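Shown next, in structure tokens, is the structure this report addresses.
The first residue in the sequence is number 1, and the count goes up from there. These values consider heavy atoms only, across backbone and side chains, with no hydrogens, waters or symmetry-generated copies. As the structure is a computational prediction, the values presented were derived from the model and not from experiment.
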Amino acid sequence: MNKHFLGDTAILLGRSLRHIARSPDTIITTAIMPIAFMLLFVYVFGGAIETGSDSYVNYLLPGILIITIASGISYTAFRLFLDMQGGIFERFQSMPIARSSVLWAHVLTSLVANLISLVVVVLVALLMGFRSGAGVTGWLAVAGILLLFTLALTWIAVIPGLTAKSVDGASAFSYPLIFLPFVSSAFVPTQSMPGPVRAFAEHQPVTSIVNAIRDLFARQPIGTDIWIALAWCVGILVLAYLFAITTYRRRIS
């Protein structure tokens, strides 16, 4: 690793964060859709959905946080695509900086931007009546799972950001990720689903992640869900990172 990697990454991270600061509509847009879903499901559908929970917003919030991350990472692919098309990467390659720092700056920018969006969504949920019995350890565990999931999806976003042929192609990959929570335990218990749909819902990553976060918020025994969730996040992260780094090296070689 280049000895200047950390310093170079910090400088490029500052550049990316300044771009976001000049365009706050990025974070606002990222948070608006999940908040709209939350308002719709709580105040329109919530009374007709039986979850066994005292408050539907408490049941719903973990899934909304996943949707927030999935919608937010599309901007990572978008920003990366614009830098590739604008020749920024070629310009940086002519400078004495660590080659991987350009990529890592985009990844860390995604983490920061998504963290802000998640905080906004949680604040709105609190205004809507969300309450948690979790202590500091529980909240830290939730934050850790969400950050790990964000990192995994961000490295997936890097791939279309490097390979897409158009702006729409760079961000369209996130649509299936946004849809995935709807076929999980995020909005309704999986027991209410027909057989094949239930089998898929119970064996896809969102369900285990949502269940683990929900139990942490409620201060309930977590069981195996948290380990399954962590296994999914780490597995996706490793595969996406390896594929993204390979793609990046091919593009800049």
Side-chain angles (χ1 to χ4, degrees), residues 1 5-6 8-10 12-17 19-20 26-27 30-31 34 62-81 83 98-122 138-164 170-171 173-178 180-181 184 186 204-213 216 225-249:
M1 180 182 292
F5 170 76
L6 294 178
D8 295 339
T9 301
L12 294 174
L13 172 61
R15 165 187 173 267
S16 296
L17 292 178
H19 287 174
I20 291 179
T26 298
I27 293 177
T30 299
I64 295 296
L65 296 177
I66 298 299
I67 291 177
T68 303
I69 295 170
S71 60
I73 60 161
S74 63
Y75 284 96
T76 301
F78 173 74
R79 289 189 295 266
L80 192 56
F81 173 81
D83 274 0
R99 301 175 77 181
S100 59
S101 62
V102 183
L103 202 57
W104 271 103
H106 279 281
V107 171
L108 294 177
T109 299
S110 174
L111 289 177
V112 174
N114 277 286
L115 178 61
I116 296 172
S117 297
L118 289 170
V119 170
V120 171
V121 171
V122 170
W139 277 96
L140 289 176
V142 169
I145 293 172
L146 292 174
L147 287 177
L148 185 60
F149 187 61
T150 302
L151 189 60
L153 291 193
T154 297
W155 280 108
I156 293 179
V158 167
I159 300 167
L162 293 171
T163 59
S171 55
F173 84 99
S174 66
Y175 298 153
L177 299 177
I178 295 173
L180 206 56
S184 73
Q204 58 118 323
V206 171
T207 291
S208 58
I209 295 170
V210 164
N211 288 345
I213 293 174
L216 286 166
D225 279 321
I226 192 167
W227 304 114
I228 297 173
L230 291 174
W232 271 113
C233 291
V234 172
I236 294 170
L237 172 59
V238 171
L239 291 176
Y241 173 78
L242 292 175
F243 195 81
I245 289 297
T246 301
T247 304
Y248 177 62
R249 287 172 178 168

For [X], side chain to side chain contact (heavy atoms under 4.5 Å, CB included) partners two or more places apart:
X: P62; result: V210, I213, R214, F217
X: F243; result: I159, T247
X: S74; result: S171, S174
X: A141; result: L216

Kindly give the heavy-atom pair with the smallest separation between [X] and [Y], and that separation in Å.
X: C233; Y: A152; result: O-CB, 3.7 Å
X: L147; Y: L111; result: O-CD2, 3.9 Å
X: A186; Y: P181; result: CB-O, 3.4 Å
X: L65; Y: L118; result: O-CD2, 3.5 Å
X: W232; Y: S208; result: CD1-OG, 3.6 Å
X: Y248; Y: L103; result: CG-CD2, 3.7 Å

Got a second to check how far [X]'s [atom1] is from [Y]'s [atom2], nearest 0.5 Å?
X: N211; Y: I226; atom1: CG; atom2: CD1; value: 12.0 Å
X: F149; Y: I145; atom1: CZ; atom2: CD1; value: 11.0 Å
X: L80; Y: T163; atom1: CG; atom2: OG1; value: 9.5 Å
X: L153; Y: I236; atom1: CG; atom2: CD1; value: 6.5 Å

Show which side-chain atoms of residues 66-73 pair as donor or acceptor with protein atoms under 3.5 Å away, not counting sequence neighbours.
{"unit_1": "T68", "atom_1": "OG1", "unit_2": "I64", "atom_2": "O", "d": "2.8"}
{"unit_1": "S71", "atom_1": "OG", "unit_2": "T30", "atom_2": "O", "d": "3.4"}
{"unit_1": "S71", "atom_1": "OG", "unit_2": "I67", "atom_2": "O", "d": "3.1"}
{"unit_1": "S71", "atom_1": "OG", "unit_2": "T68", "atom_2": "O", "d": "3.0"}

* Asked: W227: what forms a ring-ring contact (aromatic ring centres under 6.0 Å, His included) with it, not counting sequence neighbours?
  -> none
* Qualifying residues under ring-ring contact (aromatic ring centres under 6.0 Å, His included), relative to Y241, sequence neighbours excluded -> W155
Taking the side chain as every heavy atom from C-beta outward, state whether [X] and [Y] have any pair of such atoms under 4.5 Å apart.
X: T76; Y: T109; answer: no
X: V119; Y: I116; answer: no
X: D225; Y: T207; answer: no

* Asked: Taking only residues two or more places apart in sequence, or in another chain, which ones meet T154 in a side chain to side chain donor-acceptor pair (under 3.5 Å)?
  ->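 With neighbours one apart ignored, the set is S110.
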